[in-house]
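In this chain, residues are counted from 1 in sequence order.
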Amino acid sequence: MSINIVQGAALVCLGWSCTVFLLQLVGITKLYRNHTTPLPPPASPSLPENEVPHVTVVRPVKGVEVGLYECLASTFRLAYPKSKLSIRLCVDSKSDPAYPVLCQLVVDFPNFDAQVLVEEEDPILHGSAGHVNNLGPNPKIRNISRAYREAKGDVIWIVDCNVWVAKNAAGRMVDKLFGFQPNSGGGVDRTTPYKFVHQLPLVVDLDNSSSGASAVNKSSSTEGQSLLPSTVPKDNQNRNQGLLAHGGRLEEMFMSTTHAKFYGAINAVGVAPCIVGKSNMFRKSHLDAFTTVSSNPLLHSSDSTRGTGIDFFSSYICEDHLIGDLIWRSSFPGSVGYKNHGLVFGEVAVQPMAGMSVAAYIARRVRWLRVRKWTVLAATLVEPGVESLVCCAYFAFAVTTLPWFNSTFGVPQTWSAMATLWFGAVTIWMSIDRWLTSKLFRLHSLDVDENTPFFARGTARTGGTTQRPFREWIAAWLGREFLALPIWTTAVLLGTTVKWRGRQFKVRMDMSVVEVDDRKSRADVIGGSKPRPRMAGSPDSKDRVD
């Protein structure tokens, strides 16, 4: 009986590890095919002006991130008809240190429909006809609510302030959303449109970067908002800071290896929503309809108090996943014939980063996992099994346990054979990651010009970043891999609290959060006053069928 149990476990481990290997192969193939060569020009900007969709670009801002000006300026440098582009820079108050930067951008690019919208001046939240509690506490939703409500046209493109986008990003995002496709005759064909499109995020750590140090700005925010210094340290300034100062390198490694591979694979297969809220585009008319109780049978009558559109999600954290999930699940007669989510392969959302410590990286990952735990519980619980050290251990255990491998290939059924096989599998995994990151960071698929900042030029172009020496790369890879399981254990099994905007909260199963403050005799409930939208198939739905 015990032998059968062990062999059964080995079969499960073999099936799981092979599935992970296959998913990685799908992701790597998609990334290699779409991110290592220049992309063809987008079709939508070449359409007659009256046929070009109007895009409202909404950029929520909090504090002065590294490279903030260049990231926001990339919106003004898009190769998209100016008459079809509205830009809304959103900040919570005029006292925010980023406010002068936003005003300067509007001055520097005068021929655009651009506005700086201040949350403190939102008539829904302030003034004689407004009230501060008309929206929930989610700071990002409160920040962009007015820009969404007053948007021109139907297309909404939400881009975080710390993201740089290439000049043809808008055109390619619109092409994917509407199904525009250039044909051989120079015209535009139509294919199946999508309800929601997004970009692959890629972090570029600027610590120890010798190029373009003057192009970045200061961050004075605390952990949980922005963790970036006033300048990028040069090699001789940062060399002696020690390993614990290089959390940004770990974040860069995670986003360009594990995250990129599985993000690409899941979106290629299209079996479930998988998005990160860095650069997302959708139709306002769709989200408004999907958040209206009378239009969406997935919603309950209690959801009618939550508002519509973006405001519907203001009482909860992890709003990006909730928006994407609702759009994925919802449909109505006008949305029939649309695909769900489309990743715009080749268009990278580049996030420059500097000055993040290892402790800040760990805190960031713990916070994200604790929030994500209740949004996609199954995926969170199995996450350790997709990491190299654990997945390769599963594979090595299966191969050295199942009799077929012994009788067919002569694989010894010993611990030393298992250790050797594990080490070999991990080495192959690492070698593939090294190859993949070297390809991704060339940024060959991005369109560059004289306005492209050094951190977005890639390692293969003059004036860009340099490829990591192998000794630095392997140190970051090993650090990221060996920290993965302890971080997951801490986040998922050993706590439920997160730091959010400088305050401590306990995350509830319905994704509402309760403030934890020992100095007070009460706990302020964030999001608890309104029920989460219960959708068919969601974990807390009475209609769920497993």
> Can you name the nearest heavy-atom pair linking N134 to I124, along with the distance?
Replying inline: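 Heavy atoms only, the tightest pair is ND2-O, 2.6 Å.
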> Residues two or more places apart in sequence or in another chain: which of them pass ring-ring contact (aromatic ring centres under 6.0 Å, His included) with W435?
Replying inline: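 Scan of W435 (ring-ring contact (aromatic ring centres under 6.0 Å, His included), adjacent residues dropped) gives Y32.
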I'd like to know if the side chain of [X] reaches the main chain of [Y], judged simply by a donor and an acceptor atom lying under 3.5 Å from each other, with no hydrogens or angles considered.
{"X": "N143", "Y": "V61", "value": "yes"}
{"X": "R306", "Y": "S315", "value": "no"}
{"X": "K176", "Y": "V197", "value": "no"}
{"X": "H300", "Y": "S302", "value": "no"}
{"X": "H341", "Y": "I275", "value": "no"}
{"X": "R457", "Y": "T462", "value": "yes"}
{"X": "R190", "Y": "F178", "value": "yes"}

Anything under 3.5 Å between a donor and an acceptor, one on a side chain of residues 44-51, the other on a protein residue two or more places apart or in another chain? List them.
| unit_1 | atom_1 | unit_2 | atom_2 | d |
| --- | --- | --- | --- | --- |
| S44 | OG | G171 | O | 3.1 |
| S44 | OG | D175 | OD1 | 2.9 |
| S46 | OG | A43 | O | 2.6 |
| E49 | OE2 | S83 | OG | 2.8 |

>> Taking the side chain as everything from C-beta on, heavy atoms only, tell me whether V106 gets closer than 4.5 Å to Q115.
In response: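 No; the side chains remain at least 4.5 Å from each other.
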>> Side chains of P137 and S314, heavy atoms from C-beta outward: is any pair under 4.5 Å?
In response: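 No, too far: nothing below the 4.5 Å cut-off.
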> Would you call the rings of Y148 and F282 parallel, tilted or perpendicular if under 30° counts as parallel and over 60° as perpendicular?
Replying inline: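 Y148 vs F282 ring planes: tilted.
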> Mind checking whether F109 and F76 have parallel, tilted or perpendicular rings, split at 30° and 60°?
Replying inline: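 Aromatic pair F109/F76 classed parallel.
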> Going from CD on E150 to OG on S145, what distance comes out if it is rounded to the nearest 0.5 angstrom?
Replying inline: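 E150 CD to S145 OG: 9.0 Å, rounded to 0.5 Å.
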>> Distance check, rounded to the nearest 0.5 Å: N296 atom CG versus D303 atom CG?
In response: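 One gets 9.0 Å once the value is rounded to the nearest 0.5 Å.
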> With a cut-off of under 6.0 Å to the ring centre and 45° to the axis, is R33 in cation-pi contact with F345?
Replying inline: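 Pair R33/F345 does not count as cation-pi.
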>> Here's one to test your reading of the geometry: is the NZ or CZ of R283 within 45 degrees of the ring axis of Y194 and under 6.0 Å from its centre?
In response: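 Pair R283/Y194 does not count as cation-pi.
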>> What verdict does the side-chain contact (heavy atoms from CB on, under 4.5 Å) test give for R59 and V163, after you've listed the backbone C-alpha separation in whole Å, the side-chain angles of each residue and the deciding distance to 0.1 Å?
In response: CA-CA 10 Å; R59 305 213 62 166; V163 165; 4.1 Å; yes
> Centroid-to-centroid, F290 to H286, below 6.0 Å?
Replying inline: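 Yes, close enough.
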>> Suppose the criterion is side chain to side chain donor-acceptor pair (under 3.5 Å): which pairs have a residue in residues 254-269, not counting sequence neighbours?
In response: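 For residues 254-269: Q24-K261, H198-Y263, H198-N267, T258-R480, K261-D433.
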